[in-house]
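Quick note: numbers below take in every heavy atom, side chains included, and nothing from hydrogens, waters or symmetry partners.
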Amino acid sequence: MWKFKASIVILGLLMSPVVQAMRFELQSGSTKCITEDIKSNAMTVGKYSVVNPNEGYPIPDTHKITTRVTSPHGNSYHSVDHVDSDSFAFTAAEAGDYMACFWAADHKPVLTISIDFEWKSGVAARDWSKVAKKGRIEVMELELKKLYDTVTSIHDEMFYLREREEEMQQLNRATNSKMATFSFLSLLFCLSVAALQLWHLKTFFERKKLL
């Protein structure tokens, strides 16, 4: 019985969507970047908002920020200036680390801006309420569809991780080969220098008639 419950808990942890939600602080005149590893053709959704330092009043211009979201190859997917909140959504065209950067204008004295940021990728980025409303499906069918999409996402993630592992293994093999070549050349150079020094000493001693 306990093994069965443990299996359910482990399966639930594997199937639970991963959402990167946080609150961080940004000082005026500085930039803070957050990365998310996203596989190719995966949907990703993000939203952010500046925490109002004065509840009940409009957010001051000093707390407006500039945001950029770029791909691993530097392609821009989201770019806004002087905002206090916004969102972005796109399908990743390339796999790798996508970067969301936040910048606050310089101000004297230095201000500290708090930002709420939520970034979802894969199954977690899908709006299931719209799916249920559009398809008029029962709760159980909706849950099964969620589980199916989650399992598919885990399956794709495993293949993606396997591809990344193969890339890292190829990089390690190439690095090891280069290091072996470099070590051999270094050893050959050291032996050449040692032979040259011995020849020079021998010539010197013969010239001095010490040998």
Side-chain angles (χ1 to χ4, degrees), residues 12-134 142-143 145-147 149-154 156-158 160-161 164:
L13 289 174
L14 287 173
M15 289 178 148
S16 60
V18 178
V19 180
Q20 186 170 239
M22 67 185 73
R23 172 176 289 188
F24 62 92
E25 293 183 345
L26 176 67
Q27 290 187 337
S28 56
S30 63
T31 302
K32 182 166 290 188
C33 295
I34 300 168
T35 61
E36 175 79 359
D37 187 11
I38 306 174
K39 62 178 180 291
S40 179
N41 297 322
M43 181 69 182
T44 184
V45 175
K47 60 180 180 180
Y48 53 91
S49 60
V50 174
V51 179
N52 195 341
N54 304 311
E55 289 292 338
Y57 296 91
I59 295 179
D61 288 342
T62 55
H63 283 62
K64 299 296 179 70
I65 58 174
T66 296
T67 309
R68 301 282 187 272
V69 179
T70 56
S71 71
H73 294 163
N75 299 319
S76 178
Y77 280 87
H78 177 72
S79 179
V80 290
D81 298 319
H82 202 65
V83 296
D84 54 57
S85 64
D86 207 339
S87 62
F88 59 86
F90 60 87
T91 299
E94 55 201 67
D97 290 331
Y98 284 73
M99 184 178 297
C101 291
F102 303 87
W103 176 77
D106 197 10
H107 187 272
K108 299 297 182 183
V110 176
L111 298 174
T112 300
I113 303 171
S114 297
I115 302 173
D116 288 330
F117 181 44
E118 185 178 20
W119 200 349
K120 303 177 182 179
S121 298
V123 177
R126 191 166 186 178
D127 190 347
W128 291 103
S129 60
K130 291 183 179 179
V131 174
K133 183 177 180 181
K134 182 178 180 180
L142 176 61
E143 293 299 323
K145 186 171 178 60
K146 286 183 181 180
L147 290 176
D149 285 356
T150 303
V151 171
T152 303
S153 175
I154 293 174
D156 294 340
E157 187 71 19
M158 291 176 64
Y160 171 68
L161 292 175
R164 293 293 293 268

| Listed once per pair and sorted, the disulfide (SG to SG under 2.5 Å) pairs that draw on residues 48-79, sequence neighbours left out |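 Sorted result for residues 48-79: empty, none.
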| disulfide (SG to SG under 2.5 Å) contacts in which one or both residues fall within residues 60-93, not counting sequence neighbours |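 Sorted result for residues 60-93: empty, none.
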Say you draw a straight line from [atom1] of [X] to [atom2] of [Y]; how long is it, rounded to the nearest 0.5 Å?
X      : Y      : atom1 : atom2 : value
Met22  : Ile34  : CE    : CD1   : 4.5 Å
Tyr57  : Asn52  : OH    : CG    : 11.0 Å
His63  : His107 : NE2   : NE2   : 9.0 Å
Tyr160 : Asn41  : OH    : CG    : 12.0 Å

| request: Identify the two heavy atoms, one from Leu111 and one from Thr62, that lie closest to each other, and give their separation to 0.1 Å. | output: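 Shortest heavy-atom contact: CD1-CB, 3.5 Å.
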Using residues 91-104 as the side-chain source, report each donor-acceptor pair under 3.5 Å to any protein atom, sequence neighbours left out, with the distance given to one decimal.
from	atom 1	to	atom 2	distance (Å)
Glu94	OE1	Asn75	ND2	3.3
Glu94	OE2	Ser71	OG	3.1
Glu94	OE2	His73	N	3.0
Glu94	OE2	His73	ND1	3.2
Tyr98	OH	Glu94	N	3.2
Tyr98	OH	Glu94	O	2.5

| Can you tell if the side chain of Thr67 reaches within under 4.5 Å of the side chain of Phe117, non-hydrogen atoms only? |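 No. Closest side-chain heavy atoms not under 4.5 Å.
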| Heavy atoms, side chains only, cut-off 4.5 Å: are Ile154 and Asp156 in contact? |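 A side-chain contact under 4.5 Å is absent here.
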Got a list of side-chain donor-acceptor pairs under 3.5 Å for residues 81-90, not counting sequence neighbours?
from	atom 1	to	atom 2	distance (Å)
Asp81	OD1	Arg68	NH1	3.1
Asp81	OD1	Arg68	NH2	2.9

| message | Quick one, Lys32 with Ile115, criterion side-chain contact (heavy atoms from CB on, under 4.5 Å). Give me CA distance, side-chain angles, the key distance, then yes/no. | response | CA-CA 11 Å; Lys32 182 166 290 188; Ile115 302 173; over 6 Å; no
| said: Atom NZ of residue position Lys64 - does it have more than 12 heavy atoms of other residues, nucleotides or ligands inside 6.0 Å? | reply: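 Enclosed: over 12 neighbouring heavy atoms sit under 6.0 Å from NZ of Lys64.
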| task | Output all residues satisfying side-chain hydrogen bond (donor to acceptor under 3.5 Å, both in side chains) with His78, sequence neighbours left out; order by chain, then residue number. | result |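 His78 satisfies side-chain hydrogen bond (donor to acceptor under 3.5 Å, both in side chains) with Tyr48 only.
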| For Lys39, all residues meeting salt bridge (charged side-chain N to carboxylate O under 4.0 Å, His left out), sequence neighbours excluded |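 For Lys39 the salt bridge (charged side-chain N to carboxylate O under 4.0 Å, His left out) partners, ignoring immediate neighbours, are Glu157.
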